[in-house]
Number of protein chains: 2
Amino acid sequence: MKSRLATYFGIPNLNVLKIPGSGQQHVPCHVGLCRKYRMSKESLAEQIANRLRRDILRGKLLPGMSVKERDIAAEIGVSRTPIREAIRILSKEGLVELRPSRSPIVALSDMSEVSDQIEVLVALEKLSAELACKNASSDEIKHLSDITDYMANHFDSTDPLDMFEIDMSFHTAIAAASGNKALADTHGTFLRRLWRARYLSAIQKRNRDRVVNHHTAILDALRAGDGTAARDAIDNHLQHLARDIRSVIEQETATESE
Amino acid sequence: MKSRLATYFGIPNLNVLKIPGSGQQHVPCHVGLCRKYRMSKESLAEQIANRLRRDILRGKLLPGMSVKERDIAAEIGVSRTPIREAIRILSKEGLVELRPSRSPIVALSDMSEVSDQIEVLVALEKLSAELACKNASSDEIKHLSDITDYMANHFDSTDPLDMFEIDMSFHTAIAAASGNKALADTHGTFLRRLWRARYLSAIQKRNRDRVVNHHTAILDALRAGDGTAARDAIDNHLQHLARDIRSVIEQETATESE
DNA sequence: TTTTCTCCGATGGTATACCATCTTTCGCGG
DNA sequence: CCGCGAAAGATGGTATACCATCGGAGAAAA
């Protein structure tokens with residue numbers, strides 16, 4: 001019997017053959033085989049964290065739901081140890097909330113928390129843009145340019161979710177172009193935390209021209225190496241985003257309290 | 001026999017009585033007793049993380065040293081499980097570096113990384129100050145004022161390490177006064193990451209007047225609710241700090257390569 | 001019927017055992 | 001003497017077992 005984990009991650013039969021109740025004595029090490037067969041260099045815990053993160057961000061696990069170690073372990077077919085570790089990873093990212101001697105729950109972010117996070121994200125991204133003006137390589141600029149072009153040309157013919165991810169990659173690329181790793185990491189953390197709110201907003205408030213214009217303005221400032229203009233362009237872009245997110249959340253909470 | 005952990009954390013005899021080799025069957029739960037006796041609400045892993053964090057930041061564990069789960073577990077007298085978790089916590093804070101299938105090592109922050117982190121810290125603290133202008137309560141302002149007064153009056157008669165921690169609390173208090181929890185948390189993370197570099201710099205470049213003047217300027221801006229002035233004052237203060245840190249690190253690396 | 005208390009099940013925390021991998025060292029052949 | 005390979009030790013990754021705690025269900029008392 002092939003474990004659900006194997007199925008989920010597309011690991012072939014030769015790997016992770018698990019007979020329920022047989023213990024783990026003769027089961028090959030996942031990581032080891034993964035590495036040997038060049039399948040995955042992540043530890044089980046990281047893979048599980050990725051899986052749970054996606055489930056949370058996509059809404060399969062809703063805010064407030066409890067995340068039980070044993071249940072998830074049984075569902076995936078691994079022991080509790082890597083599940084625990086995955087949950088800790090997600091808690092550090094702010095996606096789940098640990099409670100002493102209780103099940104962790106999927107973090108429920110109210111409006112004020114989301115607003116706070118947006119505020120920080122804006123500051124980080126403005127700094128990213130400013131630094132990118134000095135440090136971005138021509139390749140990185142081209143990458144940003146390609147993303148913008150693609151969005152302009154395929155906005156209406158692409159799945160909204162895909163387009164959303166492309167949009168995200170634009171912002172991630174700016175953070176990367178800053179050349180400041182600590183900044184890019186932290187920026188990425190906040191982007192992930194806001195993923196769900198951004199996603200909900202993005203699929204509702206689709207506005208090709210606005211997005212493309214904003215991105216173009218940012219790109220122009222980066223090309224010109226004008227730090228102040230880049231900050232302003234980012235600020236303008238994200239203030240619109242913040243407004244959209246707020247309106248979506250208000251709408252969502254209003255629906256819930258009906 | 002009292003375990004070293006108990007000794008280390010000042011936990012009295014009734015708690016965490018551990019007979020080496022006796023297993024854990026009849027040993028009371030640390031957390032439980034801790035809570036019952038109002039001793040500590042932290043889990044073992046968190047306590048260990050705190051201990052290791054201090055050891056790293058104070059220089060007992062030097063950058064580049066390996067952090068072996070088994071050794072630490074044996075030294076403290078607990079199992080590897082909470083040690084693992086503690087190490088993960090520290091890795092998320094950037095204090096230790098995880099390596100696949102290798103011992104984690106204490107993060108060695110070269111100049112460029114520290115510079116990057118300072119850059120982010122400055123941005124976060126400028127935002128904190130700006131927000132604090134709007135959101136700080138009179139109590140919070142008074143707290144900041146008290147800290148500044150204390151530093152002015154006791155700078156030379158206080159242990160440099162204590163004075164350093166007081167200085168840190170000034171900056172933490174500003175972040176808290178922003179009213180933005182996500183911001184305060186992230187700011188705290190960067191402050192911790194830079195603890196060692198800041199500490200080394202602080203004990204070398206003691207300059208009462210400069211620090212007090214800077215803090216006073218920041219405080220005045222906060223009182224006036226002048227966001228721009230607050231940002232500038234913070235920026236000025238931290239640019240001096242950055243310069244000091246850089247010079248200390250240059251000096252340190254020069255000494256090492258002798 | 002309501003309230004309180006007790007007990008048990010669910011769940012997270014910790015300890016221990018085992019496995020895969022990597023590193024290092026030692027031995028053998030050139 | 002040198003280089004290569006195999007075996008053993010060190011170390012992180014995972015599985016499993018046990019314990020303390022907490023909350024709710026059910027019983028007992030008001």
Side-chain angles (χ1 to χ4, degrees), chain A residues 3 5 15-37 40-49 65-74 76-89 91 96-105, chain B residues 3 5 15-37 40-49 65-74 76-89 91 96-105:
Chain A
S3 79
L5 176 66
N15 196 12
V16 194
L17 284 167
K18 186 160 186 61
I19 291 85
S22 70
Q24 45 76 248
Q25 279 70 15
H26 301 292
V27 176
C29 167
H30 317 305
V31 177
L33 280 183
C34 286
R35 201 168 284 149
K36 189 188 290 182
Y37 292 106
S40 165
K41 60 184 183 320
E42 296 167 318
S43 80
L44 248 189
E46 290 172 88
Q47 296 176 39
I48 294 165
M65 288 177 79
S66 64
V67 183
K68 304 188 195 25
E69 290 181 6
R70 278 180 176 79
D71 291 359
I72 297 176
I76 299 185
V78 299
S79 83
R80 285 172 53 206
T81 313
I83 306 285
R84 273 182 72 75
E85 202 168 313
I87 290 177
R88 304 306 152 138
I89 292 174
S91 94
V96 303
E97 192 176 328
L98 263 38
R99 303 178 297 179
S101 303
R102 303 285 300 280
S103 294
I105 59 175
Chain B
S3 78
L5 177 65
N15 197 10
V16 194
L17 284 167
K18 184 157 189 64
I19 291 83
S22 71
Q24 45 77 246
Q25 278 71 15
H26 300 292
V27 176
C29 167
H30 317 305
V31 177
L33 280 183
C34 286
R35 200 168 285 148
K36 187 188 290 182
Y37 292 105
S40 165
K41 60 184 182 323
E42 296 168 319
S43 79
L44 249 188
E46 289 172 271
Q47 296 176 38
I48 294 165
M65 288 177 78
S66 64
V67 183
K68 303 187 186 55
E69 292 180 3
R70 279 179 175 79
D71 291 359
I72 297 177
I76 298 184
V78 299
S79 85
R80 284 172 53 205
T81 313
I83 306 284
R84 274 183 71 75
E85 202 168 313
I87 289 177
R88 304 305 153 139
I89 292 174
S91 95
V96 303
E97 193 176 327
L98 263 39
R99 303 178 297 178
S101 304
R102 303 286 297 278
S103 294
I105 59 174

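Each chain gets a letter, A, B and so on, in the order the sequences are listed, and its residues count up from 1.
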task = Nearest whole angstrom, please: distance from the P of dT14(D) to the CZ of R80(B).
result = 11 Å

Spacing between I89(B) atom CD1 and dG13(C) atom P, to the nearest angstrom = 11 Å

request  = Would you kindly give the CD-to-P distance between Q47(A) and dT14(D), to the nearest whole Å?
outcome  = 8 Å

inquiry  = Below the 4.0 Å mark, does dT14(D) have OP1 or OP2 next to a side-chain nitrogen or oxygen of T81(A)?
reply    = no

key: Value in whole Å for how far the C1' atom of dT11(D) lies from CD1 of I83(B)   = 14 Å

request  = Grab the CD-P distance between E85(B) and dG13(D) for me, whole Å please.
outcome  = 14 Å

ask   = Within this structure, what is the CG-to-C1' distance between L98(A) and dG13(C), rounded to whole angstrom?
value = 12 Å

message = If you only use heavy atoms from C-beta on, which nucleotide in dG12(D), dT11(D), dT14(C) is closest to the side chain of R84(A)?
response = dT14(C)

inquiry  = It should be established whether R102(A) places a side-chain nitrogen or oxygen under 4.0 Å from OP1 or OP2 of nucleotide dG23(D).
reply    = yes

ask   = Got I87(A) and L98(A) here, is their nearest side-chain heavy-atom distance under 4.5 Å?
value = yes

task = Ignoring backbone atoms, test whether R70(B) places a side-chain nitrogen or oxygen under 4.0 Å from the OP1 or OP2 oxygen of dG9(D).
result = no

ask   = Where the side chain of K68(B) is concerned, which of dG12(D), dT14(C), dA15(D) is the nearest nucleotide?
value = dG12(D)

ask   = Rounded to the nearest 0.5 Å, how far apart are CD1 of I72(B) and CZ of R84(B)?
value = 12.5 Å

message = Side chain of S103(B) only, heavy atoms from C-beta on: which candidate in dT11(D), dC22(C), dG12(C) is closest?
response = dT11(D)

note = Of all heavy-atom pairs linking S103(B) and V67(B), the shortest is CB-O, 4.4 Å

inquiry  = Can you see if the side chain of R88(B) gets near the phosphate of dG13(D) - specifically, an N or O under 4.0 Å from OP1 or OP2?
reply    = yes

request  = Tell me what R99(A) touches on the nucleic acid: a base, only sugar-phosphate, or nothing, going by heavy atoms under 4.0 Å.
outcome  = nothing

task = With the side chain counted from C-beta on, respond yes when I83(A) and R70(A) share a heavy-atom pair under 4.5 Å apart, and no when they do not.
result = no

message = From CD1 of I105(B) over to P of dA10(D), roughly how many Å is that when rounded to an integer?
response = 21 Å

request  = Could you tell me whether the side chain of S79(A) and the main chain of T81(A) form a donor-acceptor pair under 3.5 Å?
outcome  = yes

request  = Could you check how far CD of E69(A) sits from C1' of dC18(D), rounded to whole Å?
outcome  = 15 Å

